Amino acid sequence: MGFNGSIPGVAGLHLVDGVALLRPEEQVFAAMLTGFANQQLARNLARTTVEGRENTVRAFAAYVNAYPWLWTPAMVDEWLGDLRSLRDLKRSTIRSYSEAVRAFCHFVTDPLYEWTATCEERFGTHPVQVVHEWNTAVHVQDNEADAKKRAFTKAELHAFFAHCDDEVARIRAFGRKGWLPAFRDATLFKTAYAFGLRRNETRMLDAADFGRNPHGGEFGEYGRCQVRFGKAKKGSPPKRRGVLTVFDWTPDVLDEWFTEVRPLFGTDSNPAAWPSERGLRIGCQRLNSRFIAYRKALGLDDGLDFHSFRRAYVTHLIEDGWDPRFVQEQVGHEHASTTSLYTCVSSDFRTRTLRRHLDSTIAAALQTQTGRQA
């Protein structure tokens with residue numbers, strides 16, 4: 001409830017009764033969007049989510065060239081069809097767009113918010129819900145990611161990290177300052193894989209987020225990583241988790257970065273693990289451009305993206321015999337079924353498993369035959 005007892009987003013908070021509007025259609029629509037934003041913020045949704053939905057509603061209104069009280073389901077059909085056929089957007093993206101319009105229509109048609117009565121009074125008609133199950137895609141499976149996306153194989157991962165190191169050496173050999181950002185990005189990529197992190201989880205790490213694990217003293221000061229900006233549930237703050245170090249090479253990589261290279265950025269007052277040359281910390285766009293440049297240089301396919309480090313972490317741990325529950329806890333999945341979606345067990349692993357069982361079967365058969373002959 002608002003400070004005066006009204007519900008956040010209600011029409012009366014954004015339009016004054018009895019006051020003539022200079023541009024009534026535009027002003028009422030703008031007031032609806034403001035009310036929609038306030039209602040979602042009251043639900044504790046992230047501002048980025050609220051702004052994204054608002055932009056989607058504006059885009060739909062511009063596409064159909066009509067205000068909400070004139071929208072029809074046929075307009076949604078045409079819009080979604082255009083997004084799919086002409087712009088070739090992903091299924092998940094199209095669904096998020098349709099859900100934004102659905103949520104907006106649900107808001108403006110709810111009698112509690114009084115927008116239907118306001119539109120009837122001013123325009124002689126009112127908005128209706130135009131997004132239904134029968135004119136939008138049905139969510140039928142848990143994993144709707146692009147089928148091309150996959151994990152790194154161990155050989156590809158080794159080649160990628162070797163290329164990262166070669167680029168640092170190459171740039172430094174020419175006496176350019178660019179070797180520092182290249183070194184930072186190389187260490188960041190390795191850290192993303194070493195702890196199975198998402199892109200933003202990695203980017204938002206601070207130097208203080210690494211520490212000792214009392215049960216893994218061999219890793220020294222880098223026995224664990226505290227993730228503070230994990231993927232949040234809707235309406236909730238970022239999810240925290242602690243990730244334990246599992247690879248013996250991780251402490252050496254991080255120690256070199258934090259003790260020898262990071263201080264060269266002049267980071268005395270900057271807590272970020274990966275400082276930017278111009279700001280507090282590196283941005284997502286910079287990470288993407290560096291990753292894509294290295295991927296193209298190695299001739300790797302576009303099924304590999306930053307998230308492939310996380311897919312590879314899960315896959316390789318499972319391949320190497322780590323307990324699935326441990327892996328699930330490490331990557332912060334609430335359900336084991338989610339971890340299983342990330343597990344892209346490679347053909348090499350399947351071949352080794354098959355070979356091991358075949359060899360044991362043949363050995364048992366030979367032993368039986370030898371026993372009979374004896």
Side-chain angles (χ1 to χ4, degrees), residues 150-154 156-158 160-161 164-165 183-233 236-262 271-274 281-282 287 305-346 349:
R150 61 179 180 84
F152 282 94
T153 66
K154 290 185 177 180
E156 289 172 335
L157 198 66
H158 178 78
F160 190 92
F161 289 157
C164 290
D165 295 338
F183 198 109
R184 173 201 60 204
D185 297 349
T187 308
L188 185 152
F189 291 148
K190 295 172 186 176
T191 302
Y193 170 70
F195 295 99
L197 306 181
R198 300 177 178 91
R199 181 180 60 182
N200 196 56
E201 292 174 348
T202 313
R203 187 181 74 88
M204 295 301 294
L205 288 173
D206 284 350
D209 290 330
F210 297 93
R212 285 183 171 272
N213 173 8
H215 303 290
E218 58 266 48
F219 297 122
E221 298 298 325
Y222 304 100
R224 63 171 178 81
C225 173
Q226 185 65 32
V227 177
R228 294 178 295 110
F229 287 86
K231 186 177 181 180
K233 292 184 177 180
S236 300
K239 187 177 180 181
R240 292 171 176 254
R241 73 177 186 278
V243 187
L244 304 180
T245 304
V246 296
F247 301 127
D248 57 7
W249 50 265
T250 304
D252 293 335
V253 169
L254 291 174
D255 185 65
E256 183 180 16
W257 164 250
F258 283 111
T259 60
E260 299 179 25
V261 182
R262 181 174 174 272
W274 325 110
R281 65 182 77 243
I282 189 172
L287 287 178
D305 56 12
F306 193 100
H307 207 76
S308 294
F309 292 129
R310 182 172 168 86
R311 298 186 189 101
Y313 176 83
V314 174
T315 300
H316 296 163
L317 288 188
I318 296 297
E319 285 185 357
D320 291 340
W322 289 81
D323 184 88
R325 180 56 188 270
F326 173 81
V327 179
Q328 178 186 341
E329 294 287 341
Q330 287 282 93
V331 295
H333 287 156
E334 186 173 351
H335 304 290
S337 58
T338 308
T339 307
S340 68
L341 296 175
Y342 279 67
T343 309
C344 312
V345 179
S346 70
F349 173 75

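As the structure is a prediction and not an experimental result, all values here were calculated from the model. As a basis for the values below, the full set of heavy atoms in this structure was taken, side chains included, without hydrogen atoms, waters or symmetry mates.
Atom CG of Asp320 sits about 3.5 Å away from atom NZ of Lys154, to the nearest 0.5 Å. In this structure, Leu254 CG and Phe195 CZ are separated by 5.5 Å, a value rounded to the nearest 0.5 Å. The CD1 atom of Ile318 sits 10.5 Å away from the CZ atom of Phe326 when rounded to the nearest 0.5 Å. Atom CZ of Arg212 and atom CD of Glu221 lie 4.0 Å apart (nearest 0.5 Å). Of the inter-residue distances, the one linking Glu201 atom CD with Lys239 atom NZ reads 10.0 Å to the nearest 0.5 angstrom. Annotation: the span from Arg203 atom CZ to Leu188 atom CG amounts to 10.0 Å, rounded to 0.5 Å.
A donor-acceptor pair under 3.5 Å is formed between the side chain of Asp305 and the backbone N or O of His307. Put simply, the side chain of Arg281 never gets that close to the backbone of Pro271: no donor and acceptor are under 3.5 Å apart. Asp209 places a side-chain N or O within 3.5 Å of a backbone atom of Asp206 that can act as its donor or acceptor partner. Under the 3.5 Å distance criterion, the side-chain polar atoms of Arg198 are left unmatched by any main-chain donor or acceptor of Arg310.
When side chains are defined from C-beta on, Leu244 does not count as touching Phe219, because their heavy atoms never get closer than 4.5 Å. Residues His316 and Val246 fail the side-chain proximity criterion, which asks for heavy atoms closer than 4.5 Å. In this structure, Thr250 and Phe210 have side chains that are not in contact, with every pair of non-hydrogen atoms separated by 4.5 Å or more.
Salt bridge Lys190/Asp165: present, at least one basic N to carboxylate O contact under 4.0 Å.
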Apply side-chain contact (heavy atoms from CB on, under 4.5 Å) to Leu197 and Leu205, showing your working. CA-CA 10 Å; Leu197 306 181; Leu205 288 173; 3.8 Å; yes
For Thr245 and Asn213: C-alpha separation, side-chain torsions, deciding distance, then whether side-chain contact (heavy atoms from CB on, under 4.5 Å) applies. CA-CA 8 Å; Thr245 304; Asn213 173 8; over 6 Å; no
One pair to check against side-chain contact (heavy atoms from CB on, under 4.5 Å): Phe247 and Val253. What are the steps and the verdict? CA-CA 11 Å; Phe247 301 127; Val253 169; over 6 Å; no
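Scanning all heavy atoms of the two residues, the minimum distance from Trp274 to Thr191 falls at CH2-OG1, 3.5 Å. When all heavy atoms of Gly196 and Val331 are compared, the pair lying nearest together is O-CG1, 4.2 Å. Counting all heavy atoms, side chain and backbone alike, Arg241 lies closest to Glu329 at CD-O, 4.2 Å. For the pair Thr315 and Ala151, the tightest heavy-atom approach, listed with the atom from each and the gap, is OG1-CB, 4.0 Å.
Partners of Glu256 under the salt bridge (charged side-chain N to carboxylate O under 4.0 Å, His left out) rule, at least two apart in sequence or in another chain, do not exist in this structure. Residues passing the side-chain hydrogen bond (donor to acceptor under 3.5 Å, both in side chains) test with Tyr222, sequence neighbours excluded: none.
Between Trp257 and Phe183, the ring-plane angle classifies as parallel under the 30° and 60° cut-offs. Phe309 and Phe161 have parallel rings, their planes meeting at less than 30° on a 0 to 90° scale where 60° marks the start of perpendicular.
Aromatic rings from Phe152 and Tyr193 are positioned such that their centres are separated by 6.0 Å or more.
At a cut-off of 3.5 Å, with distance as the only test, no side-chain donor of Arg199 or Thr202 sits close to an acceptor on the other residue.
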